[in-house]
Amino acid sequence: MKAMSISVVALAVAACSHANAPPTAPAPAPPSGDPIAAFELVRGVLQSPRCVNCHPVGDVPLQGDDSHLHAPLIKRGVDGRGVAGLSCAACHGNQNLPASYGAHTPPGVATGWRLPPADHRLVFWGLDSRALCEQIKDPKRNGGKSMAELKHHMADDALTRWGWEPGFGRKPVPVAHDEFVRAFNTWADAGAPCAARTAQNP
């Protein structure tokens, strides 16, 4: 009887060892069709270090994953490319340097490193959802861009896409680029609505 009990247990163990693995957890759902919710994903990207560092409150860009003041203290300049004697191009080339150069090397991009020009600074730093939303879609404050031009800028502009390939030692934007573009288009195609003002979003 004891031998039979051992055999039954062995068969049970063998059967369990060949059972199908439990299904994996489903992937996070993409942004819903709610344009306000979609813009919240957009806002999270635009206010991440990779974007906000070149959209600061003042005329000095920020740098690093902690968004500290740029060293040296280069200024925006009229066209967003620095000032005489200290231009962005003096250090920033047309591409990121190889990882073998180590951390803290100046990043680069094919279209030229720059901030928004002085006449439309397009500040991302510290704005609530509604203020950021209203600024982005306002041609008087976004450099005269139409919604179609904004879509292109978010999807295809090399400087925007750099945020997802920022080079050695920098954290990329924490949302996949195609998910970001999908969220932006959801918001834009719904008429680019902005969140209502609330106690949390005054």
Side-chain angles (χ1 to χ4, degrees), residues 39-145 149-150 152-175 177 180-181 184 194 201-202:
F39 186 77
E40 283 305 300
L41 186 149
V42 171
R43 180 170 74 97
V45 169
L46 298 184
Q47 293 185 326
S48 71
R50 296 289 76 80
C51 296
V52 82
N53 283 359
C54 287
H55 291 265
V57 173
D59 285 327
V60 177
L62 309 175
Q63 64 183 167
D65 293 335
D66 61 352
S67 297
H68 59 271
L69 288 174
H70 191 284
L73 291 178
I74 188 171
K75 295 294 184 71
R76 180 190 306 272
V78 174
D79 64 357
R81 297 176 185 270
V83 296
L86 193 56
S87 68
C88 298
C91 296
H92 296 273
N94 291 327
Q95 61 184 3
N96 291 329
L97 294 171
S100 59
Y101 280 63
H104 311 302
T105 56
V109 68
T111 53
W113 204 257
R114 65 192 186 279
L115 278 70
D119 61 357
H120 58 274
R121 298 164 188 261
L122 204 56
V123 174
F124 292 171
W125 178 272
L127 298 186
D128 65 33
S129 182
R130 184 176 181 86
L132 182 62
C133 174
E134 290 175 341
Q135 177 185 222
I136 287 172
K137 67 179 183 178
D138 182 0
K140 294 179 180 178
R141 293 185 284 169
N142 73 13
K145 288 184 173 63
E149 289 170 325
L150 286 173
H152 171 75
H153 178 66
M154 300 303 182
D156 301 313
D157 190 297
L159 188 55
T160 303
R161 294 184 68 98
W162 173 89
W164 282 265
E165 296 180 356
F168 181 75
R170 299 180 187 88
K171 295 177 182 177
V173 173
V175 175
H177 182 252
F180 166 70
V181 171
F184 189 89
C194 297
N201 188 46

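Using a 4.5 Å heavy-atom threshold, the side chains of L132 and Q47 count as touching. Residues C133 and V42 have side chains not in contact (no heavy-atom distance under 4.5 Å, counting atoms from C-beta outward). Residues C194 and K137 meet the side-chain proximity criterion, which asks for heavy atoms closer than 4.5 Å. With contacts defined as side-chain heavy-atom distances shorter than 4.5 Å, the pair I74/V83 does not qualify. At a threshold of 4.5 Å between non-hydrogen side-chain atoms, the residues H55 and L46 do not count as touching. Side-chain contact check for W164 versus V45: some heavy-atom pair is nearer than 4.5 Å. Using a 4.5 Å heavy-atom cutoff, the side chains of H92 and P107 are in contact.
Using the six-membered ring where Trp is involved, W113 and W162 have ring planes that are perpendicular, over 60° apart on the 30 and 60° scheme.
A distance of 3.5 Å separates NE2 of H153 from OG1 of T160, quoted to the nearest 0.5 Å. Considering CD of Q95 and CD of E165, their distance stands at 12.0 Å, rounded to 0.5 Å. Here the straight-line distance linking atom CE of M154 with atom CZ of R161 works out to 13.0 Å at 0.5 Å rounding. Note that SG of C91 is 7.0 Å distant from CG of L86, once rounded to the nearest 0.5 Å.
Shown here for Q63 and A71, the closest heavy-atom pair between the two residues is OE1-N, 2.8 Å. Closest heavy-atom contact between R114 and L159: NH1-CD2, 3.6 Å. In terms of heavy atoms, E149 sits closest to G144 at OE1-O, 3.6 Å. Looking at every heavy atom in both residues, V57 comes nearest to W125 through CG2-CD1, 3.4 Å. The minimum heavy-atom distance between R50 and P166, with the atom names listed, is CD-CB, 3.6 Å. For the residue pair F124 and I136, the shortest heavy atom distance occurs at CE2-CG1, 4.5 Å.
A 6.0 Å sphere centred on NE2 of H104 holds no more than 12 heavy atoms belonging to other residues, nucleotides or ligands.
A distance-only check finds no donor-acceptor pair linking the side chain of D138 to the backbone of E134 [under 3.5 Å]. Side-chain N or O atoms of S67 include none that pairs as donor or acceptor with a backbone N or O of L62 at under 3.5 Å. Although no hydrogens or angles enter the test, the distance criterion places no donor-acceptor pair under 3.5 Å between the side chain of D65 and the main chain of P49.
By the side chain to side chain contact (heavy atoms under 4.5 Å, CB included) test, H152 pairs with D156, sequence neighbours left out.
Listed by first and then second residue, the side chain to side chain donor-acceptor pair (under 3.5 Å) pairs that reach into residues 72-83 are D59-R76, sequence neighbours excluded.
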Checking N96 against F168 for the side-chain contact (heavy atoms from CB on, under 4.5 Å) test, could you report, in this order, the C-alpha distance in whole Å, the side-chain angles of both residues, the deciding distance, and whether it holds?
CA-CA 8 Å; N96 291 329; F168 181 75; over 6 Å; no
